[in-house]
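Presented below is the structure to which this report refers.
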2 protein chains.
Amino acid sequence: MSKKQLIMEKALELFAKQGFEATSVQQITDHCGISKGAFYLSFKSKDELIFSLIDYFMTQLISDIDYKVKNTQNNELLFTYFYTTFQTFSQHSDFAKVLMKEQAQTFHNQELIEKMYMYDRLVDKATLSMVERLYGEEIINTKYDLVYCIKGLMGNYSKLMLFSNVPLDLKLLSESLVEKINLLAEHATIAFISEDFIRSMEQPALKEVTNEQLLEMLTQKIEEMEESIEKESLILLKQHLLDPSLNLAIVKGLIENIRNHPHCKWISYLLLSYFNF
Amino acid sequence: MSKKQLIMEKALELFAKQGFEATSVQQITDHCGISKGAFYLSFKSKDELIFSLIDYFMTQLISDIDYKVKNTQNNELLFTYFYTTFQTFSQHSDFAKVLMKEQAQTFHNQELIEKMYMYDRLVDKATLSMVERLYGEEIINTKYDLVYCIKGLMGNYSKLMLFSNVPLDLKLLSESLVEKINLLAEHATIAFISEDFIRSMEQPALKEVTNEQLLEMLTQKIEEMEESIEKESLILLKQHLLDPSLNLAIVKGLIENIRNHPHCKWISYLLLSYFNF
DNA sequence: TATAATAATGACTAATCGGTCAATTGTCAA
DNA sequence: TTGACAATTGACCGATTAGTCATTATTATA
């Protein structure tokens, strides 16, 4: 096992017990049996560690569920969705606990909040497409409510599973939720969440960012980074913000250059919205 | 406004935005326009502040809902339960946000965790008694699941209300949840949470309150309060506890007098249960 | 075996935290 | 105006944090 994996594994145990903020780097390295310096050979910061953990598990979680859902017949679909999710949560209960504890609102790192929000929306999207496939046009008015009900029930029962120390019958649990969601899908008539509401919620998510703020962030990022294509792209973007002279296609390309760099995700996101791409 | 109230008010704003742990005492005192020392004249510690906030709002919340539920006809009961809760959350949105952020698992103070757990169980208990009253013997197998569904749906929709900056139609929301819960109560057959399961998780809830405890609380409240009908009522209630001599109807009326005073919600709740009203 | 390259260490720094307390300011009766 | 008392202040304390880096240990190579 690589040192990076060791740290991620041991840190996850502590995060699940105590939470992210409450766990110190020293505790993590003690628990791994390594020195503090060794930690910083694997991760640039404590934030990068939680980033890695969230990315590692969330991509797995989402792709797992997505695959199962895409390869299951409709008559078993809802059950598979619940059962797979609960099983995955049960299997990676430490990560699931971290996920429950550190809801989007508790982190202080803006990039991290954005990341959690992004994954949350991805899960919502997958759930919505499942609901649409299952019930079609019948639930066109209530489909968003149905998604929220699934989310609410799953969240609450997951909490029960994770934090009560009683072993649960996940098949029975999944069956009982299938019954409930089917009931709601077939008989509920009052729609609370409309498409307009969903759209009006998405809007304020990206708050207008100013030229000055972007310049400040770019300057800071450029200082931080080592020589690379990404750094060169940042420098060119900064110059363009100071004195617009580049073709829009070139600007888009420069943003694309930095989009996948782990430390540039947020700034590229802001740049994209600033230039209305 | 007393200094204590000022601090509680201003601190709550910061806690709602940043969370409890992430807000420093210095930030609170800056936001109040007082010195750090002055903070510690009003509160023994930062923990005592969050204790006060949680007690102040939770006692109000629980006794409010409990009273409404006890004094509403069955045909309006579920709607009233939802609507009152959402309205209270909306009215005290800063506290509701703190409540959502600092779920039982995030605090580090053991007493605080226990307190949150205790209030959580009180809410569950109130919800359960409502469910039993509404659906009687029909849902004897599924009543605990029903309570958990109510909790899950309410929690998820509350999150929507608090953290999306879109004004919501709380009446429509409550109606839609009434429809959903009625559907589940009438048609759901698969029980997942059994009485045994609940018992295996159970810990002592609200202990029976003693005459002495009530007297102590009354004495303290009487000292705190300014001259008013409410204070006079408290004094009479104290005398009645020391030497029972009043007609039960009078006692009920005296409790009614204090029920809506923000500082007497909890004591009135305890008195009501002490006298079996 | 000798040497260069790499990995790992832990004492250290600067910042921030909750909490304290000697010193200062404000109040009011004499 | 004075002086006793209460209220208020903010510099300061010890503890803890994330993160650094000169030093040491280990490994690979010649």
Side-chain angles (χ1 to χ4, degrees), chain A residues 1-15 17-54 98 101-102 106-113 115 220-221 223-226 262-263 266, chain B residues 1-15 17-54 98 101-102 106-113 223-224:
Chain A
M1 192 195 305
S2 77
K3 187 133 298 167
K4 217 163 173 167
Q5 274 178 291
L6 172 73
I7 294 172
M8 283 172 74
E9 213 166 89
K10 296 291 186 184
L12 190 58
E13 291 174 18
L14 295 174
F15 291 164
K17 266 187 235 154
Q18 314 169 337
F20 172 68
E21 302 281 352
T23 303
S24 70
V25 174
Q26 190 69 63
Q27 276 179 286
I28 295 168
T29 55
D30 285 351
H31 198 228
C32 291
I34 62 173
S35 71
K36 208 171 174 187
F39 174 92
Y40 286 94
L41 292 174
S42 293
F43 294 96
K44 233 183 71 187
S45 68
K46 195 186 165 193
D47 274 356
E48 199 186 88
L49 168 60
I50 189 76
F51 262 80
S52 300
L53 280 169
I54 287 173
V98 172
K101 284 191 188 191
E102 321 288 341
T106 64
F107 287 121
H108 307 127
N109 182 315
Q110 187 61 37
E111 262 184 271
L112 205 41
I113 292 172
K115 175 155 278 183
Q220 200 188 327
K221 273 277 174 290
E223 268 179 41
E224 284 172 21
M225 291 184 68
E226 291 159 13
H263 297 110
W266 181 240
Chain B
M1 192 195 304
S2 78
K3 184 133 305 167
K4 217 163 171 164
Q5 274 178 291
L6 172 74
I7 293 171
M8 283 172 74
E9 213 167 272
K10 296 291 185 183
L12 190 59
E13 291 174 19
L14 295 175
F15 291 165
K17 266 188 234 155
Q18 313 170 339
F20 172 68
E21 302 280 352
T23 303
S24 68
V25 174
Q26 189 69 62
Q27 276 178 289
I28 296 169
T29 54
D30 286 351
H31 199 227
C32 291
I34 61 173
S35 71
K36 208 170 170 185
F39 174 91
Y40 286 94
L41 293 174
S42 292
F43 294 95
K44 229 177 63 194
S45 68
K46 196 186 163 194
D47 274 356
E48 197 186 90
L49 167 61
I50 190 74
F51 262 81
S52 300
L53 280 169
I54 287 174
V98 172
K101 288 191 187 192
E102 322 288 341
T106 64
F107 287 123
H108 306 128
N109 183 315
Q110 189 59 36
E111 252 184 285
L112 204 42
I113 292 172
E223 269 179 40
E224 283 173 22

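Order of the sequence lines sets the chain letters (A, B, ...), proteins ahead of strands, with each chain counted from 1.
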Next on the checklist: Please report the distance, rounded to the nearest Å, between CD in B/Q26 and P in C/dT20.
Outcome noted: 15 Å
Item to check | Pair A/F15-A/L49, side chain to side chain contact (heavy atoms under 4.5 Å, CB included): steps then yes or no | outcome: CA-CA 11 Å; A/F15 291 164; A/L49 168 60; 4.0 Å; yes
Checklist entry - Across the strands shown, which category fits B/S42 at heavy-atom distances under 4.0 angstrom: base, sugar-phosphate, nothing? => result nothing
Item to check | Residue pair B/D47, B/F20: steps toward the side chain to side chain contact (heavy atoms under 4.5 Å, CB included) verdict | outcome: CA-CA 9 Å; B/D47 274 356; B/F20 172 68; 3.7 Å; yes
Checklist entry - In whole angstrom, what separates A/D47's CG from D/dA18's P? => result 10 Å
Checklist entry - Which heavy atom of A/T23 sits nearest a heavy atom of A/K46, and at what distance? => result O-NZ, 2.7 Å
Checklist entry - Cationic tip of A/K44 within the cone over A/F51's six-membered ring, i.e. under 6.0 Å and within 45° of the normal? => result no
Checklist entry - Atom CZ of A/F39 and atom C1' of D/dT17: how far apart are they, to the nearest Å? => result 13 Å
Item to check | Nucleotide of D/dG19, D/dT9, C/dT20 approaching B/I34 most closely (side-chain heavy atoms) | outcome: D/dT9
Next on the checklist: Of the listed nucleotides (D/dT8, C/dG18, C/dA8), which one gets closest to any side-chain atom of B/S35?
Outcome noted: D/dT8
Item to check | From C/dG18, D/dA18, C/dA8, nucleotide with atom closest to B/Y40 side chain | outcome: C/dG18
Checklist entry - Which whole-number value in Å describes the distance from A/E48 CD to D/dA18 P? => result 15 Å
Checklist entry - Rounded to the Å, how far apart are B/E21 CD and C/dC17 C1'? => result 11 Å
Next on the checklist: Using whole Å, what does the distance between atom P of nucleotide C/dA7 and atom CG of A/L6 come to?
Outcome noted: 16 Å
Checklist entry - Rounding to a whole Å, what distance do you find between A/I28:CD1 and C/dG10:C1'? => result 17 Å
Next on the checklist: Can you work out whether A/A22 or A/G37 has the more 5'-proximal nearest nucleotide on DNA chain D?
Outcome noted: A/A22
Next on the checklist: Please find the pair of heavy atoms, one from A/C32 and one from A/K10, that lie closest to each other, and give the distance.
Outcome noted: SG-CB, 3.5 Å
Next on the checklist: Need one value for B/T29: base, sugar-phosphate or nothing, where a base atom within 4.0 Å counts as base even if backbone is also close, heavy atoms only.
Outcome noted: nothing
Item to check | Shortest side-chain distance from B/K3, nucleotide among D/dA18, D/dT8, C/dT20 | outcome: D/dT8
Checklist entry - Picking from C/dT9, D/dT9, D/dG19, which would you name as closest to the side chain of B/L41? => result D/dT9
Checklist entry - Between the side-chain atoms of B/K46 and the base atoms of C/dG19, is any donor-acceptor pair under 3.5 Å? => result no
Next on the checklist: Tell me the interatomic distance from B/K36, atom NZ, to D/dA11, atom C1', rounded to whole angstroms.
Outcome noted: 10 Å
